[in-house]
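Report on the structure given below.
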There are 2 protein chains.
Amino acid sequence: MSAAKNGVWPRTGLLLKIVSNGRRQISALHVAGDFLDLHSFLLKTMDHGVLALTTCRIAAVPHATLEKITNEYPHLTRMLWLNTLIDGAIHREWLTAMGRLSATAHMAHLICELYLRLKAVGRAEGETVQLPITQAELGDTLGLSTVHVNRVLQELRKEGLIRFQGDALTILDWERLTKVGEFTSTYLSLQNEDR
Amino acid sequence: MSAAKNGVWPRTGLLLKIVSNGRRQISALHVAGDFLDLHSFLLKTMDHGVLALTTCRIAAVPHATLEKITNEYPHLTRMLWLNTLIDGAIHREWLTAMGRLSATAHMAHLICELYLRLKAVGRAEGETVQLPITQAELGDTLGLSTVHVNRVLQELRKEGLIRFQGDALTILDWERLTKVGEFTSTYLSLQNEDR
DNA sequence: CGGCTCTTTGACCCGACTCAACGCTCGTGG
DNA sequence: CCACGAGCGTTGAGTCGGGTCAAAGAGCCG
């Protein structure tokens, strides 16, 4: 949605939002091309911070522009709205993963999601994506301790589901990975009914 | 946002969405007046079910009407959009509560939120609101077992923070309750910048 | 080489879950 | 009018997933 205007493309293009209340919780991960914080257009309170995981290229859209768009281009407006709705769908999915999945399943679920999202924007090479995120940050995303993140990743590796060395994440067994994470991709679908 | 057209007003007006994956996770609670599932207008996949906790009065808005609104009334469109954005803000808040708060704190947080939301639509009598929800349902909301919900509630009662008998929930010590739940109400604010 | 950040490992602990039973209340039917 | 379920709340005992604390590798950069 947001085009890059200057600067270099991010190594992988991954952003995150944080909410700090003592410990921090990452409430969203963004990949290249995502429209970031679009909700701030209408929501006056900024309830989180944003933090870049890597060098990024950013394009800013002034609120005045959005105002103009919503006044004059209904279709485009609906597309922007849809964008925020998909964020919401992802949030709901995270919520259920958080509440009802084991640490391992939750991790598998997140990996499935990130892989598909990166693939969707052409950031996958075969079964491999660059995921420049630390285990501590994964913990902050999943609501787990760093130590446990490490153990969970080892388990997924030992099971032959993924390889994850350095920033390179490789899916070794998509079938079983989705099963472990109880993952279905429907909520990510950007397809809309041409509204 | 949605006006009632016929039928009786709900005893308390509380709805919930469920997502079932083996166990179920309630991803939203709605109070009287909430616009329900507005996101289904643009999001083609319905990723959850809806379930009424009590008898409710429902007003349906056809998608065709929404289409017309978005084509002709930019301001109203932004208000509808804002509505879905607030749902998103609540989701983010739940996410951090889920990931980073203890069971007791999480419960206190939820109680604070529901109390304020019910109060905002005139459903509070003094410090008391009607909350026709079972402990099992609370568990499905918070990601806790029914048994633990019970123990957590007892703890809040013993601490003199709330009274909760039958459906009547009374806030006994708002100050301490918000502290326990690390609750701040900003994310609920419906106020917008007149866009 | 030293220092930084990140990953990994081990030992121990505790919050929350499970299983199982019991009690209370209310609605329904004999 | 009582008996019986059904649903919900409550309690106890035992277990376990994940957290905490602490320290040791492993890259990486200046």
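Quantities reported herein were computed from a predicted structural model and do not represent experimental measurements.
Under the rule for a side-chain hydrogen bond (donor to acceptor under 3.5 Å, both in side chains), the partners of B:Thr134 that lie at least two apart in sequence or sit in another chain are B:Glu137. A search for salt bridge (Lys or Arg N to Asp or Glu O under 4.0 Å) contacts involving A:Glu72 returns A:Lys68, not counting sequence neighbours. Every residue meeting the side-chain hydrogen bond (donor to acceptor under 3.5 Å, both in side chains) condition with A:Glu113, not counting sequence neighbours, appears here in chain and number order: A:Trp94, A:Arg117, A:Tyr187. A search for side-chain hydrogen bond (donor to acceptor under 3.5 Å, both in side chains) contacts involving B:Thr104 returns B:Glu155, not counting sequence neighbours. With sequence neighbours excluded, the residues that form a salt bridge (Lys or Arg N to Asp or Glu O under 4.0 Å) with A:Glu159 are A:Arg176. The salt bridge (Lys or Arg N to Asp or Glu O under 4.0 Å) check on A:Lys179 picks up nothing, with sequence neighbours excluded. Applying the side-chain contact (heavy atoms from CB on, under 4.5 Å) criterion to A:Thr170, with sequence neighbours excluded, gives A:Glu127, A:Thr128, A:Arg163, A:Leu172.
The pair A:Arg100-A:Glu182 does not count as a salt bridge, with every side-chain nitrogen at least 4.0 angstrom from each carboxylate oxygen.
Between the two ends of the helix from C:dC1-D:dG30 to C:dG30-D:dC1, each summarised by a five-pair axis, the helix axis turns through 30° (rounded to 10 degrees).
Donor-acceptor pairing under 3.5 Å is recorded for the side chains of A:Arg78 and B:Asn71. In this structure, a donor-acceptor pair under 3.5 Å is present between the side chains of A:Asp37 and A:His48.
Scanning DNA chain D 5' to 3' for nucleotides with an atom closer than 4.0 angstrom to a non-hydrogen atom of chain B gives a first and last hit of D:dC8 to D:dA13. When DNA chain C is scanned 5' to 3' for any atom under 4.0 Å from a heavy atom of chain A, the first and last hits are C:dC6 to C:dA11.
Within the structure, the ring-ring contact (aromatic ring centres under 6.0 Å, His included) test picks out no pair touching residues 129-172 of chain A (sequence neighbours left out).
Summarising the local packing, CD of B:Gln154 is surrounded by more than 12 heavy atoms from other residues, nucleotides or ligands at distances under 6.0 Å.
Using a 4.0 Å heavy-atom criterion, one finds that A:Gly143 contacts the sugar-phosphate atoms exclusively.
Of the residues in residues 144-153 of chain B, those lying under 4.0 Å from DNA chain D by heavy-atom distance are B:Val147, B:Asn150, B:Arg151.
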